[in-house]
Amino acid sequence: MEGVTPFPPEFAARYRAKGYWGDRPLGEVMREWMRTHGERLAICHPVRRTYAELDRRAERLARHLLALGIGPRSSVVVHLPNVPEFVELYLALQYLGAIPLMTLPAHREHEIAHYVDFIDADAYAVPASFGSFDFLAFARKIRAGASRPPLVLVAGEAPGDEGFVSLTELAEREPDLPPSALAGLDIDPDDPCVFQLSGGTTGIPKVIPRSHNDYAYNSHLIGSLNDIRPDDVLLVAAPIGHNFPLASPGVQAFFEWGASIALVTTPRPAEALAVIEACRVTHLEVVPAMIIAWLNYERLSDHDRTSVRVINSGGQKYQRETKLQTEAAFPNAKVQEVFGMAEGLLMIARLDDPAEVRHETAGRPICPDDEVYLVDELGERVSEGEIGELICRGPYTLRGYFKAPEVNARAFSPDGFYLSGDLLRMHPSGNYIVEGRKKDLVNRGGEKISAEEVEDMLLAHTAVKMVSCVPMPDPLLGERMCAYVVPRGEPPTLEQLTAHLSSRGLARFKHPERLELVEEFPLSPFGKVQKNVLAARIAAAVAEQSLSRA
Ligand code: AMP
Ligand code: DBH
């Protein structure tokens, strides 16, 4: 398909020969799960649907969409929150070989208008209502501005406008096209089955094509490391279209195993903890910011948390201190950090790794054919135990962003390794420790300081609820470290924090030299702390102070 960088034939042949790639459309694979698990419960909250019911609804929806012109390789910008219609639409699009592009509910015109044109979307899916934002008025605007107005698929009731249809209604109404209409579709398992967005914090996120072959394998393999049992329940609290809750292991793996998912439209502690208790949730997939909010919720102890067995946290470093606090708050659970990326590669700590290894590391690759190296600035492999940039290639890692030749020339090595920009170090156990992103180092007069190393220690201070250390421009040393802290109770002073670091034996040059107390951190739509925003803020403050001094 145009704009997609294929796997070189020798790699594709190897991944097939090893049985990683099944050469079947993801929709065919998922349909088999629906049939196998028929009377089991697929969704347990906020509606209850068995696999058979879910399949029936998705299948009807698929036939309607086919009649409306959506078929293999059609593309659909999906802008839905965590609602059951998302799941039905995802299945229907897979049955059709159509390609959803996963945006976040918090995206707005800058992103959505761009993606609609960029992938030449045939359809655009929105909720009839969600929060205070008027999605229907927004969809009208998007349609009016698009080079080719997409059909608008509405979760809930559709307005009377031309070009708008209700997903909810289509899933319930018998279509004119017979079921056999879906049988003859020509779906290439090497085509993309989903477009994910990269988490790039600068510029507009790039589009990641994931193939049927690689995506089915992705969720299958990581699912096999998550101790999923048929009666288990996954809480989907992060935006469902994101690679982590969708397929790593996420909705896909829980469906493969015949377990259930519970959907919440907000990760706020009151809602999430109520559903954990009511649905006897066994598995959590969270970003650290979410779990920290739950841990600090004043009514945490009102909710039963004993059903939870496995807590996956990813997206950002899950500090050791926080892991310990998490396991104290969820007494039957093991935390299992995931180091993942929408680009593909997944690392995960194994549930049977020794506790110290689970607490200290972000895990290791999931496939024997994940080729993972840590390299220095020149692209040379660093010696064992040293920090280097993670580069990777493998059976479920992209070979190029969609329609982005210039970015691809920078983001991939000539032999197809994805250059992640992440800095890792191998732990003696063979697992990896995330030391930061390339830009997450503070370079103090040539001495590199890992921000996360300092944060991990500061988090152990009782007056620190959350901390984020960023570089602060300095005329003498180039950079110094500034600690942004969300205090717990009485705010700490910089002196108290550095005394704490000294008492823990941290080298003096690694101490933050400025403390900024804040009530909250700027978060990306997915809930990651936006360090670049904090760094820009402190840079502006420093510049202003040096001006006023001059
Ligand atoms: P995205 O491009 O949004 O899929 O984000 C992937 C990036 O998130 C990775 O390249 C890492 O920088 C970061 N990331 C994911 N998981 C972790 C983790 N467990 N610890 C630290 N960083 C992580
Ligand atoms: O940050 C991520 O993109 C991420 C984190 C954990 C991810 O894509 C995943 C697991 O699959």
Side-chain angles (χ1 to χ4, degrees), residues 1 3-5 26 75-82 86 89-90 93-94 98-126 135 138 142 146 150 191-211 214-215 218-219 236 238-248 250-252 285 287 314-316 338-346 392 396-408 410-412 418-422 437 522-530 532-533:
M1 187 169 150
V4 175
T5 314
L26 178 61
S75 59
V76 181
V77 171
V78 178
H79 195 193
L80 293 175
N82 297 3
F86 176 99
L89 177 63
Y90 186 62
L93 294 177
Q94 294 309 329
I99 313 167
L101 178 140
M102 299 305 181
T103 67
L104 299 170
H107 281 146
R108 291 297 178 256
E109 194 172 354
H110 173 67
E111 294 89 8
I112 302 294
H114 168 77
Y115 293 122
V116 165
D117 277 349
F118 187 70
I119 64 167
D120 190 26
D122 298 284
Y124 168 50
V126 288
F135 277 89
F138 182 74
I142 291 293
D191 270 356
C193 67
V194 65
F195 286 130
Q196 285 289 356
L197 298 181
S198 82
T201 45
T202 53
I204 201 146
K206 296 170 286 293
V207 172
I208 299 167
R210 301 291 302 264
S211 77
D214 98 58
Y215 220 45
N218 185 98
S219 53
V236 182
I240 185 169
H242 189 279
N243 185 51
F244 184 24
L246 184 63
S248 309
V251 174
Q252 279 187 198
E285 283 178 16
V287 292
Q316 204 157 38
V338 191
F339 174 90
M341 53 183 77
E343 283 81 358
L345 177 72
L346 295 170
C392 56
Y396 59 97
T397 296
L398 88 173
R399 289 300 186 126
Y401 293 104
F402 187 57
K403 294 202 292 189
E406 283 105 55
V407 177
N408 288 341
R410 274 181 279 124
F412 293 84
Y418 168 59
L419 315 177
S420 74
D422 293 306
R437 289 193 172 202
L523 297 179
S524 76
F526 188 54
K528 296 186 190 185
V529 176
Q530 288 179 307
N532 53 342
V533 174

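Just so it is clear, the structure is predicted and the values come from calculations on it, not from any experiment.
Interatomic distance, OH of Tyr124 versus CG of Leu80, reported as 9.0 Å (0.5 Å rounding). Atom CD of residue Gln530 and atom CG of residue Leu523 lie 7.0 Å apart, to the nearest 0.5 angstrom. Rounded to the nearest 0.5 Å, atoms NE2 (His79) and OG1 (Thr103) are 4.5 Å apart. To the nearest 0.5 Å, the span separating CZ on Arg210 from OH on Tyr396 amounts to 8.5 Å. Rounding to the nearest 0.5 Å gives a distance of 12.0 Å between CD1 of Ile142 and NE2 of His114.
You'll find the side chain of Val194 reaches within 4.5 Å of the side chain of Met102, heavy atoms only. Residues Leu197 and Ile208 fail the side-chain proximity criterion, which asks for heavy atoms closer than 4.5 Å. Counting only heavy atoms from C-beta outward, the side chains of Tyr90 and Val251 never approach each other to under 4.5 Å. You'll find the side chain of Phe195 reaches within 4.5 Å of the side chain of Ile119, heavy atoms only. In this structure, Leu419 and Phe412 have side chains that are not in contact, with every pair of non-hydrogen atoms separated by 4.5 Å or more. A 4.5 Å side-chain heavy-atom check between Phe402 and Val4 finds at least one atom pair inside the cut-off. Contact of the Asp191 side chain with the Met1 side chain is registered, since non-hydrogen atoms from C-beta on lie closer than 4.5 Å. Taking the side chain as every heavy atom from C-beta outward, Gln94 and Pro100 approach each other to under 4.5 Å.
Taking every heavy atom of both residues into account, Phe135 and Pro105 meet most closely at CZ-O, 4.0 Å. What you find for Leu246 and Phe86 is that their closest heavy atoms are CD1-CE2, 3.9 Å.
Between the side chains of Gln196 and Tyr215, at least one donor N or O lies within less than 3.5 Å of an accepting N or O. Residues Asn218 and Ser248 have side chains that bring a donor and an acceptor to within less than 3.5 angstrom of each other.
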Practice item. Check the pair Leu26 / Gln252 against side-chain contact (heavy atoms from CB on, under 4.5 Å), numbers first and verdict last. Key: CA-CA 10 Å; Leu26 178 61; Gln252 279 187 198; 3.5 Å; yes

